[in-house]
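Input: a single structure, listed below in structure tokens.
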Amino acid sequence: MADFTPRVFSGIKPSGGLTLGNYLGAVKRFVDWQDRGTHECIYCMVDLHAITVWQDPADLTRATREICAFFIASGIDPERSVLFNQSRVPEHAQLGWIFNCVARMGWMNRMTQWKDKAGRNAEAESLGLFAYPALMAADILLYHATHVPIGEDQKQHVELTRDIAAKFNHDYGVDFFPLAEPVIESVAARVMNLRDGSRKMSKSDTVDATRINMTDDADTIARKFRKAKTDPDPLPSEVAGLEGRAEARNLVNIYAALSDVDAESVLRDHGGEMFGHFKVALADLAVAKLSPISAEMRRLTADPAEIDRVLARGADRARGIATPILERTYDIVGLVR
Ligand code: TYM
């Protein structure tokens with residue numbers, strides 16, 4: 001394999017609100033990568049992905065700016081990392097088209113998110129929703145990213161990205177695109193629904209009490225944790241004791257991720273406690289960690305012009321990396337430019 005610059009790419013879709021899952025499974029990790037300083041970091045609001053399902057235009061604009069504010073409020077520095085929205089860099093769509101021609105229908109048909117979202121009504125879904133993972137591969141490979149931090153639910157899409165890179169390299173007899181690594185490293189790689197520990201916490205769930213939104217105030221956060229489903233037993237003292245207790249495990253993992261320790265250490269401190277007690281500690285911790293972020297988000301979104309300046313500058317920097325890679329791709333494919 002050729003030598004690639006160590007580079008991180010990841011994205012968040014501006015559709016609906018932001019949840020604690022987006023924070024713990026993604027953005028908190030993005031900040032770690034940035035602060036480690038070993039990799040160039042590129043973070044994107046993937047607005048072209050959002051419109052694979054119809055979005056109200058004003059909501060899409062608002063959600064894109066809100067995610068930008070979320071990144072910055074969580075610790076992403078738009079000077080040290082590249083921060084931009086996808087549609088401003090048209091090379092994503094251009095490379096996405098080429099990958100539509102590399103990826104196979106069978107591969108797309110096997111994507112569990114496609115199967116979940118399209119359900120039995122695939123005929124009525126957009127062509128964009130079906131091709132979604134090929135555009136995601138373009139996001140990553142347009143920058144020759146080597147590492148992709150994501151929550152568990154995106155793993156299959158990054159594996160498909162590797163398949164697309166490998167097939168492109170093989171079909172054109174080149175060693176051009178890297179096989180990007182999915183990085184799923186947190187105890188909170190899969191933050192679960194507060195009312196049903198077998199389902200993921202999701203911004204699209206119709207019941208608000210199932211998730212913590214990044215914009216929830218302190219009282220709401222406390223109430224949601226207080227009402228979160230648990231079981232009647234006390235907390236175990238070891239991780240093995242969480243077996244078969246999905247809701248208990250979820251709350252322990254959230255506590256661990258918020259306090260940057262592992263689940264063992266949480267249970268060492270809280271083993272034997274009843275949930276009534278633990279939930280109060282968890283709510284206090286969550287409020288302490290999340291309130292400064294939501295306050296800063298409110299401050300930043302009050303000045304949309306400043307956010308748009310950040311995004312415009314980020315897009316310029318992104319294009320500086322993307323343009324030569326897309327040009328080289330055109331040459332490899334034989335497109336006259
Ligand atoms: P999206 O917008 O659904 O989610 C953004 C990130 O948040 C993570 N996440 C979670 N992690 C843990 N627990 C949860 N409950 C939870 N909910 C969401 C997701 O795993 C993701 O990392 N297809 C992607 C966006 C995308 C992308 C990319 C990501 C487009 N192109 C290129 C990486 C690289 C998506 O819809 O994420």
Side-chain angles (χ1 to χ4, degrees), residues 7-31 33 41-53 55 60 63-64 66-67 70-71 74 84-87 89 92-93 95-96 99 111-114 116-117 128-129 131-162 164-165 180-205 210-214 246 249-250 253-254 256-258 318:
R7 198 174 276 151
V8 160
F9 181 96
S10 200
I12 300 190
K13 207 164 53 221
S15 56
L18 289 157
T19 71
L20 183 62
N22 295 131
Y23 178 60
L24 295 178
V27 176
K28 197 164 182 298
R29 309 266 78 74
F30 301 172
V31 175
W33 277 102
C41 294
I42 307 175
Y43 300 123
C44 185
M45 286 121 262
V46 289
D47 45 10
L48 296 176
H49 278 105
I51 60 167
T52 55
V53 173
Q55 302 293 322
L60 177 63
T64 304
E66 183 176 78
I67 295 181
F70 174 47
F71 274 117
S74 303
F84 70 105
N85 61 306
Q86 186 186 30
S87 59
V89 178
H92 286 251
L95 186 60
F99 288 165
M111 292 295 108
T112 52
Q113 279 212 339
W114 160 253
D116 290 350
K117 284 196 178 164
L129 188 67
Y132 183 114
L135 180 60
M136 186 160 157
D139 299 339
I140 296 166
L141 297 175
L142 186 55
Y143 302 94
H144 277 185
T146 53
H147 294 84
V148 187
I150 38 161
E152 181 73 40
D153 62 333
Q154 295 299 319
K155 185 164 180 233
Q156 195 186 29
H157 287 158
V158 181
E159 281 164 356
L160 185 98
T161 298
R162 294 165 64 87
I164 290 178
E181 292 273 350
V183 188
I184 303 163
E185 58 191 359
S186 154
V187 271
R190 198 167 165 77
V191 177
M192 307 309 277
N193 181 308
L194 296 180
R195 295 298 175 93
D196 175 354
S198 69
R199 288 167 46 213
K200 182 185 84 161
M201 181 182 288
S202 163
K203 55 191 162 198
S204 55
D205 198 299
T210 60
R211 62 173 166 269
I212 304 290
N213 303 300
M214 290 309 295
R249 179 191 297 278
N250 187 37
N253 284 347
I254 292 175
L258 281 170

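Whatever order the structure lists them in is the order used to number ligands and atoms, beginning at 1. Everything numeric here is computed off the predicted structure, so don't read it as measured data.
Looking at Ser202 against ligand 1, nothing comes within 4.0 Å, counting heavy atoms. Neither the backbone nor the side chain of Leu135 comes within contact range of ligand 1; no heavy atom lies under 4.0 Å. With a 4.0 Å heavy-atom cut-off, ligand 1 is reached by the side chain of Val148 but not by its N, CA, C or O. In His49, the part holding a heavy atom less than 4.0 Å from any atom of ligand 1 is the side chain. When heavy-atom distances to ligand 1 are checked against a 4.0 Å cut-off, Lys203 comes that close only through its side chain, counted from C-beta outward. With a 4.0 Å heavy-atom cut-off, ligand 1 is reached by the backbone of Ile150 and by its side chain too.
Between His157 and ligand 1, not a single N/O pair is under 3.5 Å apart. At a 3.5 angstrom cut-off on N or O pairs, Thr19 does not count as close to ligand 1. For ligand 1, none of its N or O atoms has an N or O atom of Pro149 under 3.5 Å away. Checking only distances, Glu152 never comes within under 3.5 Å of ligand 1, N or O to N or O. In terms of N/O distances under 3.5 Å, ligand 1 is not approached by Gly25. Inclusion of Asp139 in the set of residues having an N or O under 3.5 Å from an N or O of ligand 1 is warranted.
Atom numbering of ligand 1 starts at 1 in the shown order; those under 4.0 Å from a heavy atom of Ile12 are 2 (O), 5 (C). In the vicinity of Tyr132, heavy-atom distances shorter than 4.0 Å reach the ligand 1 atoms 23 (N), 24 (C), 35 (C), 36 (O). With ligand atoms numbered from 1 in the order given, ligand 1 contributes 19 (C), 20 (O) to contacts under 4.0 Å with heavy atoms of Asp153. Taking every non-hydrogen atom of Gly151 and a distance limit under 4.0 Å, the qualifying atoms of ligand 1 come out as 11 (N), 19 (C), 20 (O), 22 (O). Residue Asn22 approaches ligand 1 through these ligand atoms, each under 4.0 Å from one of its heavy atoms: 4 (O), 5 (C), 6 (C), 7 (O), 9 (N), 18 (C).
Counting heavy atoms from C-beta outward, Ile12 and Met45 have side chains that stay 4.5 Å or more apart. Two residues are said to be in side-chain contact when any heavy atoms from C-beta on lie closer than 4.5 Å; Leu20 and Arg211 fail this criterion. Contact check for Tyr23 versus Met214: side-chain heavy atoms found under the 4.5 Å cut-off.
Judged by distance alone, the side chains of Gln156 and Thr112 do bring a donor and an acceptor atom under 3.5 Å apart. Between Ser87 and Asp47, the side chains place a donor N or O and an acceptor N or O closer than 3.5 Å (distance only, hydrogens not considered).
Geometric assessment of Lys117 against the ring of Tyr132 yields a positive cation-pi assignment under the 6.0 Å and 45° thresholds.
Ion pairing between a basic and an acidic side chain is recognised when a charged N comes within 4.0 Å of a carboxylate O; Asp153 and Lys200 show such pairing.
Of all protein heavy atoms, the one closest to atom 12 (C) of ligand 1 is Ala189 O, 3.2 Å.
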